[in-house]
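Worksheet for the structure shown next.
Just so you know, residue 1 is the first one in the sequence shown, and it goes up from there.
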Amino acid sequence: MEVLKIATAGSVDDGKSTLIGRLLYDTKSLTSDKLEAIERSSKQKGYDYLDFSLATDGLVAEREQGITIDVAHIYFSTATKSYIIADTPGHVEYTRNMVTGASTSQVAIILIDARHGVIEQTYRHFFINNLLRIKDVIVAVNKMDLVDFSEERYNEIKADFQKLVEKSDYEDQNITFIPVSALKGDNVVKESSKMPWYKGETLLAHLERIDTKDIYNRGRVRFPVQYVIRPKTEEYHDFRGYAGKVYGGEIKVGDEVIVLPSETKSKVKEIFFYDKKFETAARRSSCTITLEDNVNVSRGDMIVKVNELPTVAKQFTATISWMDAKNLTPGSKYVLQHGVNKVLAKVSAIHHKIRPDYSGIETNITGLQMNDIASVSFQLNKPIFFDAFKEHRTNGAFILIDPQSNNTAGAGFIE
């Protein structure tokens, strides 16, 4: 079954948790004890409706304040797809949580309160989705019941958001607008009779139609080796296979390849999915490949096609989302993990801080604080093989690890 990973984004009280709770309720994905708890809590609070936000807000502080603080992962399924929703916080002080939740997502749902329209936080949410190159963005104009299901108000918000889209440099992004009422269930799973002017799909119908194969941008083939398989049994005495996941494109038997960093050339001899042989491995498929020549390949090496070489270098500039309480400063040293490779990295320069509301940049920066986003240059102790993040989402991303605390201090996207 296909799996679709979704990140939500929205300001305080825009209704993210309620929307997710409604999805779970209407798809009958809530367990009976969870449903009873929601009904009991809603009655105790004197609500004349079910408070679906209780289905997702796991922390006591979240339930008490009615806000989302941590990233919660919610799972549900339909007959055709499995879904994983990252319910991310919308506050500016939790920008790092939002980046974390959206980093592995394939689709984003940005909620907008129909009463308030596009606000400053909407800019930041859209910026982060652009930064992470999330291809499909659904703009859910929520709480339509509080503006009398007004088509005019919906069109105003849509026009305001389109102005924001014009600031984006991501041309392949798909933007879909859906007017909903999460509390009442309009256009979430079931079509609304109160908005006859809306001719599009419900939120769930749109998610069901998204082809997971087209979510990731096509690019050059990258096959990072995760494990070298040597069974050393009588049946497979001389077998030497390389296990990993294909990113960017597809790889076929007979393709001329080059192994990095050794730059040894060979050809793909066989492709295995467990014990079955195939002629082609599609992108994002995990497989084992063998090569025609007995070359030296180790974990952390990368196999690429001969005419699709990545950049091999010991320095680069990247956009950094800083996540640590300890500031990033020029000269700081970190462990940089790129795929399965770990190298030592030193901050050579902080060029400028990027305002995530599209209002420009800040120069003369002496350091980065938690939740800052900036352009930073690094010097490495040995070369890595990388692509620009805009061209290759997997091979252009990395994390920074503080060698003293072992904390993940930042996430980087190579420029």
Carefully, step by step, assess Ile178 and Thr202 under the rule side chain to side chain contact (heavy atoms under 4.5 Å, CB included).
CA-CA 7 Å; Ile178 304 175; Thr202 64; over 6 Å; no
Before giving the answer on side chain to side chain contact (heavy atoms under 4.5 Å, CB included), spell out for Arg355 and Ile361 the whole-Å C-alpha distance, their side-chain angles and the decisive distance to 0.1 Å.
CA-CA 6 Å; Arg355 296 194 189 104; Ile361 61 173; over 6 Å; no
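Listed by chain and number, the residues in a ring pair (Phe, Tyr, Trp, His ring centres under 6.0 Å) with Tyr123 amount to none (sequence neighbours excluded). The ring pair (Phe, Tyr, Trp, His ring centres under 6.0 Å) search around Phe126 returns Phe161, not counting sequence neighbours. Remark: Tyr247 pairs with no residue by the ring pair (Phe, Tyr, Trp, His ring centres under 6.0 Å) rule, at least two apart or across chains. For Phe385, there are no ring pair (Phe, Tyr, Trp, His ring centres under 6.0 Å) partners, not counting sequence neighbours. Residues that satisfy the side chain to side chain contact (heavy atoms under 4.5 Å, CB included) test with Lys158, not counting sequence neighbours, are Tyr154, Phe177. Taking the side chain to side chain contact (heavy atoms under 4.5 Å, CB included) definition, one finds that Glu171 meets it with nothing, sequence neighbours left out. Every residue meeting the side chain to side chain contact (heavy atoms under 4.5 Å, CB included) condition with Pro330, not counting sequence neighbours, appears here in chain and number order: Ile350. With sequence neighbours excluded, the residues forming a side chain to side chain donor-acceptor pair (under 3.5 Å) with Asp387 are Arg222, Asn395, listed by chain and number. By the side chain to side chain donor-acceptor pair (under 3.5 Å) test, Tyr75 is found to be paired with no residue, residues two or more places apart in sequence or in another chain being considered. Every residue two or more places apart in sequence or in another chain that forms a side chain to side chain contact (heavy atoms under 4.5 Å, CB included) with Ala388 is listed here: Glu391.
The 12-atom threshold is not exceeded at OH of Tyr227, counting heavy atoms of other residues, nucleotides or ligands nearer than 6.0 Å. Other residues, nucleotides and ligands contribute at most 12 non-hydrogen atoms within 6.0 Å of the NZ atom of Lys346. Other residues, nucleotides and ligands place no more than 12 heavy atoms under 6.0 Å from the CD atom of Glu120. In this structure, Gln379 places its CD atom where more than 12 heavy-atom neighbours from other residues, nucleotides or ligands lie under 6.0 Å away.
For the pair Val246 and Ala281, the tightest heavy-atom approach, listed with the atom from each and the gap, is CG2-CB, 4.0 Å.
No cation-pi contact links Arg133 to Phe389, judged by a cut-off of 6.0 Å to the six-membered ring centre and 45° from its axis.
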Would you list the atom pairs, donor with acceptor, under 3.5 Å between side chains in residues 180-187 and any protein atom, with sequence neighbours excluded?
{"residue": "Ser181", "atom": "OG", "partner": "Asp145", "partner atom": "OD1", "Å": "2.9"}
{"residue": "Ser181", "atom": "OG", "partner": "Lys184", "partner atom": "N", "Å": "3.4"}
{"residue": "Asp186", "atom": "OD1", "partner": "Ser192", "partner atom": "OG", "Å": "2.7"}
{"residue": "Asn187", "atom": "OD1", "partner": "Ser192", "partner atom": "N", "Å": "3.1"}
{"residue": "Asn187", "atom": "ND2", "partner": "Pro179", "partner atom": "O", "Å": "3.0"}

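Of the candidates Thr290, Leu291, Val259, Tyr242 forms a side chain to side chain contact (heavy atoms under 4.5 Å, CB included) with just one, namely Leu291.
Within the structure, side chain to side chain donor-acceptor pair (under 3.5 Å) contacts touching residues 299-309 (residues at least two apart or in different chains) do not occur.
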